[in-house]
**Student:** 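Starting off with a structure, shown below.
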Amino acid sequence: MSSFDDSDAYEGASLAARAMAARAMPYLDELNPEQRAAVEALDGPVLMLAGAGTGKTKALTTRIVHLLNTGRARPNEILAVTFTNKAAREMKHRVGRMMGEAVEGMPWLGTFHSICVKLLRRHAELVELNSNFTILDTDDQIRLLKQLIRAANIDDKRWPARALAGVIDHWKNRAWTPDNLPASEAHAYDGKGPALYRMYQTRLCELNAVDFGDLLMHMVTIFQAHDDVLKQYQRWFCYILVDEYQDTNVAQYLWLRLLAGGHQNICCVGDDDQSIYGWRGAEVGNILRFEKDFPGAHVVRLEQNYRSTAHILAAASGVIAGNKGRLGKELWTDAEGGEKVRLIGHWDGETEARWIGEEIEAMQYGTRGLQSYGLDKMAILVRASHQMRAFEDRFLSIGLPYRVIGGPRFYERLEIRDAMAYFRLVVSPSDDLAFERIVNTPKRGLGDKAQQKIQMAARENGVPLMQGARILLQNKGLTGKGATELTRLLDNLERWAMMTRARVIDAGEGEVIDDGGIEVGEPEVNHIELAQIMLDESGYTEMWQNDKSPDAQGRLENLKELVKALEQFENLSGFLEHVSLIMDNNSEDASEKVSIMTLHAAKGLEFPVVFLPGWEDGLFPSQRSMDESGQTGLEEERRLAYVGITRAEEVCTISFAGNRQVFGQWQSQLPSRFIDELPEAHVDVLTAPGLYGGNYGAAGMSAGIETRAAEADVYSSPGWRRMQARNQQRTVSKPKTNVIDVQATSAHTMGDRVFHQKFGYGAIVGVDGDKLEIEFEKAGLKKVIAKFITGADDIPF
DNA sequence: TACGAGTTCTCTATG
DNA sequence: AGAACTCGTA
């Protein structure tokens with residue numbers, strides 16, 4: 001940081017002198033005119049509308065470097081927020097590289113959440129918290145809510161805790177505290193939402209805990225109620241940069257506006273066409289309204305794309321053009337040539353996975369006259385994570401290496417969470433949620449009854465569960481095996497806690513500590529060894545060693561990895577802090593693999609070869625999205641399609657299947673409406689190579705493009721008959737009495753005798769959205785789209 | 001209290 | 001299809 005001490009010289013420098021200095025800055029020459037404009041407009045509000053692949057991160061990082069180089073700010077005076085840890089890391093890395101030194105001094109470059117944790121630790125007392133509060137993850141949150149719901153005598157069957165969690169999350173995204181909850185929300189969660197919200201917040205306070213939503217909300221509350229605190233930070237953060245501004249929710253928006261309220265030196269970067277997080281509270285309105293919020297804002301559009309071929313860009317533009325209310329941007333490139341976007345229909349999800357697997361292998365080895373690509377140059381982007389399984393199954397069986405990005409994350413795994421609960425309990429013995437998690441894991445004969453007694457003892461004495469358990473034992477409220485085991489657990493926990501403390505006090509002394517648990521002469525126990533000791537002595541490791549289920553071995557390996565991860569940290573609490581915010585699962589693995597991930601996880605990434613499977617109505621666009629948010633939902637889905645296509649640099653392949661298993665039930669699918677929106681001039685329709693011996697691919701395809709009635713020809717192939725036979729068996733062997741609410745859809749009711757073009761006559765046995773479940777007289781149980789059904793009686797004879 | 005069979009619910013996505 | 005959860009039995 002000392003290299004910036006003479007930076008004051010710039011403060012008084014004339015514009016001309018500054019311009020001179022700027023000319024000497026080589027990094028500016030690497031920018032195109034628009035990027036350069038965005039970088040050089042240092043003061044006042046700036047909105048950078050950056051389309052996909054237009055060098056947004058480059059502009060953003062260069063801007064930071066420019067701020068530093070011109071002496072406008074020191075590294076610790078720049079507030080730069082991103083949404084993901086990955087983006088933050090990337091930016092840190094790039095700034096560091098450009099500055100030619102490690103930029104240790106950018107402490108305020110991070111995610112909204114990590115920055116808010118830092119701030120909240122400093123001002124925790126202003127919202128009645130202690131600065132060492134714990135951060136609950138979704139799992140803890142749900143368990144806590146479940147307790148409250150049950151305590152309030154609500155049937156959590158009818159009103160699941162997850163739903164309440166969703167409602168509360170929604171409120172927190174809007175920065176609505178229990179006190180300023182709008183009246184319009186009174187009905188939420190059967191009218192009990194607001195009261196439960198209040199109870200939840202009180203309970204969090206008692207536990208000295210916050211959830212993710214609180215991090216932002218508490219800071220907004222603090223800034224609003226304590227002007228002195230706000231002013232302090234307004235002065236300190238003299239320049240603010242925001243990445244992915246289109247993804248900000250109301251709380252984040254308020255937070256930013258408060259912080260930028262003085263100098264207004266705020267630069268927001270975003271792309272309204274890539275706003276795909278409306279479901280978690282993001283407000284596209286924030287970016288659309290920027291110029292109103294910050295009058296005199298400088299708006300820069302980055303439209304030159306450096307990533308994709310013209311065909312890919314044209315396809316993406318064609319799709320996104322269907323959306324209304326865009327800020328308006330058109331990507332262009334001076335790159336020429338390239339392959340058209342490829343489109344192919346398949347029989348079912350399995351066939352689709354198989355075809356993509358073969359295609360990947362062909363591209364890998366460059367056979368069929370195609371260029372050869374490494375596996376890590378290829379990615380499969382799906383709408384919903386359950387689509388991944390078909391690919392994993394297939395790739396496992398053909399031995400194609402793949403990597404799932406953003407799947408079940410390391411720190412969310414059962415064994416990791418259990419182990420972490422032990423660590424948490426040692427660091428903060430009053431962590432009741434952690435205690436509940438591990439009292440009986442491994443089995444200690446402490447079931448519901450015993451746990452209830454512990455709860456009771458704790459509540460009566462107004463102490464945390466661990467103390468409550470002690471009291472219970474002293475009062476002989478528990479006897480036998482349970483009592484012995486509980487005593488041992490408590491003793492262990494205390495001993496381990498003492499070992500951490502001994503470590504802290506005597507750190508660096510190299511002295512031998514005898515705190516009762518360790519033999520004299522043993523070397524000092526560091527947190528890594530301690531973690532291992534805890535896992536071993538608690539019997540947790542043993543539990544998995546004795547477990548003969550197939551995944552037990554993997555779990556043990558994960559535990560080893562967890563202990564190894566501790567090496568990067570000074571102590572246990574530092575580690576816990578990290579984990580609560582960084583849920584990344586970036587096991588850096590250099591080997592070449594195909595990436596499989598959701599479209600959401602793919603935002604910000606790019607690959608030479610991209611596969612976009614599952615483009616079927618209901619799956620993509622997702623039915624749920626459209627049901628819940630109507631036109632808005634559909635537009636968000638369309639943006640998702642846009643994001644997907646624009647991930648591709650050279651080859652983009654879109655596919656759909658005519659049949660797919662959903663919830664274990666076969667369903668016929670229609671090609672996505674987005675397929676109709678692809679401009680034909682930029683699309684190459686592929687024919688499936690002789691699978692099932694038919695040319696259904698071609699037939700289905702053209703039908704897909706022109707009429708979307710792909711069903712017709714598909715159903716005459718041998719594969720279809722085989723499928724039908726399987727369906728028959730399925731329904732015979734396991735008669736499914738899937739009795740769904742006897743709700744009428746627009747025209748048909750349960751029990752109606754109906755007619756379907758292809759399947760013939762049948763009776764409606766279930767209704768699921770716009771789909772009807774029909775027991776066909778010939779074809780068996782099928783789910784079909786309601787509009788393809790006519791009442792049997794409607795047919796004129 | 002532990003375990004296994006049966007039943008119901010899920011499948012958007014993030015820190 | 002698989003996970004999560006419930007309930008009855010040993």
Side-chain angles (χ1 to χ4, degrees), chain A residues 81-88 110-117 135-139 141-142 146 156-158 160-163 166 169 172-173 210-216 244 247 249 251-252 275-282 349 381-390 393 405-409 411-412 414 440 442-451 480-482 485 578-585 597-603 614 618-629 633 636-637 639-640 643 660-667 730 734 736-740 768:
Chain A
V81 271
T82 64
F83 275 85
T84 63
N85 293 299
K86 202 169 66 189
T111 63
F112 275 102
H113 291 89
S114 67
I115 288 171
C116 281
V117 174
I135 303 164
L136 301 190
D137 58 30
T138 322
D139 202 74
Q141 194 187 355
I142 299 275
K146 199 168 261 175
D156 63 345
K157 213 62 197 264
R158 243 161 82 85
R162 291 186 58 106
D169 207 50
K172 289 186 175 177
N173 284 339
V210 299
D211 62 23
F212 287 123
D214 282 335
L215 293 174
L216 252 304
E244 307 281 15
D247 289 338
N249 61 33
Q252 288 157 338
S275 159
I276 53 176
Y277 285 109
W279 53 272
R280 66 169 206 216
L381 312 183
V382 298
R383 175 62 184 85
S385 44
H386 68 264
Q387 288 172 263
M388 293 180 183
R389 206 173 59 231
D393 285 352
I405 297 186
R409 279 164 300 184
Y411 292 113
E412 280 174 9
L414 176 88
N440 202 29
K443 297 269 177 280
R444 296 193 175 87
L446 297 163
D448 283 349
K449 273 246 178 74
Q451 289 188 41
K481 182 170 173 277
E485 290 281 345
H578 164 88
V579 168
S580 53
L581 288 174
I582 317 258
M583 301 291 263
D584 272 3
N585 183 20
M597 69 190 90
T598 63
L599 286 164
H600 284 89
K603 190 158 77 143
L619 183 58
F620 187 39
S622 128
Q623 192 59 51
R624 182 163 164 191
S625 185
M626 293 188 294
D627 289 348
E628 284 173 5
S629 318
E636 183 154 314
E637 296 287 308
R639 291 193 290 269
L640 208 41
V643 167
R660 198 176 286 280
Q661 243 179 343
V662 181
F663 293 139
Q665 283 263 42
W666 282 99
Q667 261 186 251
R730 213 173 288 267
K734 195 190 169 200
K736 192 121 172 83
T737 43
N738 201 359
V739 181
I740 303 173
D768 177 15

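Sequence lines set the chain letters: A, B, ... in the order given, protein chains first and strands last, and positions in each chain run from 1.
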**Student:** Between N or O atoms, less than 3.5 Å apart, protein on one side and nucleotides 4-10 of chain C on the other: list the pairs.
**Tutor:**
residue	atom	partner	partner atom	Å
C/dC5	OP1	A/K146	NZ	3.4

**Student:** Determine whether A/L640 and A/I276 satisfy the following criterion, side chain to side chain contact (heavy atoms under 4.5 Å, CB included), listing intermediate values before the conclusion.
**Tutor:** CA-CA 6 Å; A/L640 208 41; A/I276 53 176; 3.6 Å; yes
**Student:** Applying side-chain contact (heavy atoms from CB on, under 4.5 Å), can you list everything that pairs with A/K146, at least two apart in sequence or on another chain?
**Tutor:** A/R150, A/D156, A/A161
**Student:** In this structure, how many angstroms lie between the C1' atom of B/dA13 and the CG atom of A/N249, rounded?
**Tutor:**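 Roughly 15 Å, once rounded to whole Å.
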**Student:** With side chains defined as the heavy atoms from C-beta onward, is the minimum distance between A/H113 and A/I135 less than 4.5 Å?
**Tutor:** no
**Student:** Please list, chain by chain and in numerical order, all residues satisfying side-chain contact (heavy atoms from CB on, under 4.5 Å) with A/Q387, sequence neighbours excluded.
**Tutor:**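 Partners of A/Q387 by the side-chain contact (heavy atoms from CB on, under 4.5 Å) criterion, ordered by chain and then number, come out as A/V382, A/R383, A/A384, A/L619.
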**Student:** Counting side-chain heavy atoms from CB outward, which of B/dT1, B/dA13, B/dG15 is closest to A/W279?
**Tutor:** B/dA13
**Student:** Holding to side-chain contact (heavy atoms from CB on, under 4.5 Å), I want the full list of residues that pass it with A/N440, two or more places apart in sequence or in another chain.
**Tutor:** A/K443, A/R444, A/L446, A/Q451
**Student:** Within the 4.0 Å heavy-atom criterion, would you say A/F112 contacts the bases, only the backbone, or no part of the nucleic acid?
**Tutor:**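 If one applies the 4.0 Å heavy-atom cut-off, A/F112 turns out to touch nothing in the nucleic acid.
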**Student:** By nearest atom, which of the nucleotides B/dC11, B/dT14, C/dA1 is closest to the A/T84 side chain?
**Tutor:**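 Within the option list, the nearest is B/dT14.
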**Student:** Going by the rule salt bridge (Lys or Arg N to Asp or Glu O under 4.0 Å), which residues pair with A/D169 if we only count those two or more places apart in sequence or in a different chain?
**Tutor:** none
**Student:** Quick one: A/L599 CG to B/dA13 P, roughly how many Å, whole number?
**Tutor:**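 Rounded to whole Å, this separation is 11 Å.
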**Student:** Reading DNA chain B from 5' onward, which residue's closest nucleotide shows up sooner: A/S622 or A/A450?
**Tutor:** A/A450
**Student:** At 4.0 Å (heavy atoms only), tell me whether A/A601 reaches a base, stays on the sugar-phosphate, or touches nothing.
**Tutor:** nothing
**Student:** Rounded to whole angstroms, how far apart are CD on A/E636 and P on B/dT14?
**Tutor:** 13 Å
**Student:** Measure CG/A/L381 against C1'/B/dA13 and give the value in whole Å, please.
**Tutor:** 14 Å
**Student:** Mapping A/S114 and A/L640 to their closest nucleotides on DNA chain B, which lands nearer the 5' end?
**Tutor:** A/L640
**Student:** Between P on B/dA13 and CD on A/Q387, what's the gap in Å once rounded to a whole number?
**Tutor:** 10 Å
**Student:** Has A/N440 got a side-chain N or O lying under 4.0 Å from the OP1 or OP2 atom of B/dA2?
**Tutor:** yes
**Student:** Atom CD1 of A/I142 and atom C1' of B/dT10: how far apart are they, to the nearest Å?
**Tutor:**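 Rounded to whole Å, this separation is 14 Å.
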**Student:** Could you state the CG-P distance from A/N173 to B/dG15, rounded to the nearest angstrom?
**Tutor:**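 Value for this atom pair: 14 Å.
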**Student:** Please identify each residue that fulfils ring pair (Phe, Tyr, Trp, His ring centres under 6.0 Å) with A/F620, with sequence neighbours left out.
**Tutor:** A/W615, A/F674
**Student:** In whole angstrom, what separates A/R280's CZ from B/dG15's P?
**Tutor:**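 Spelled out: CZ on A/R280 to P on B/dG15 is 7 Å.
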**Student:** Are A/F663 and the base of C/dA1 stacked, counting only ring centres nearer than 5.5 Å and planes tilted under 30°?
**Tutor:** no
**Student:** Go through it in stages, so that I can follow the logic: the residues are A/Q252 and A/F83, the test is side chain to side chain contact (heavy atoms under 4.5 Å, CB included), and I'd like the CA-CA distance, side-chain angles, deciding distance and then a yes or no.
**Tutor:** CA-CA 11 Å; A/Q252 288 157 338; A/F83 275 85; 3.6 Å; yes
**Student:** Scan A/D247 against the nucleic acid and name what it touches under 4.0 Å (heavy atoms): base, sugar-phosphate only, or nothing.
**Tutor:**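 Result for A/D247 = nothing.
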**Student:** With a 4.0 Å cutoff (strictly under), does any side-chain N or O of A/S385 reach OP1 or OP2 of B/dA13?
**Tutor:**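 Answer yes for this pair, as a side-chain N or O of A/S385 is under 4.0 Å from OP1 or OP2.
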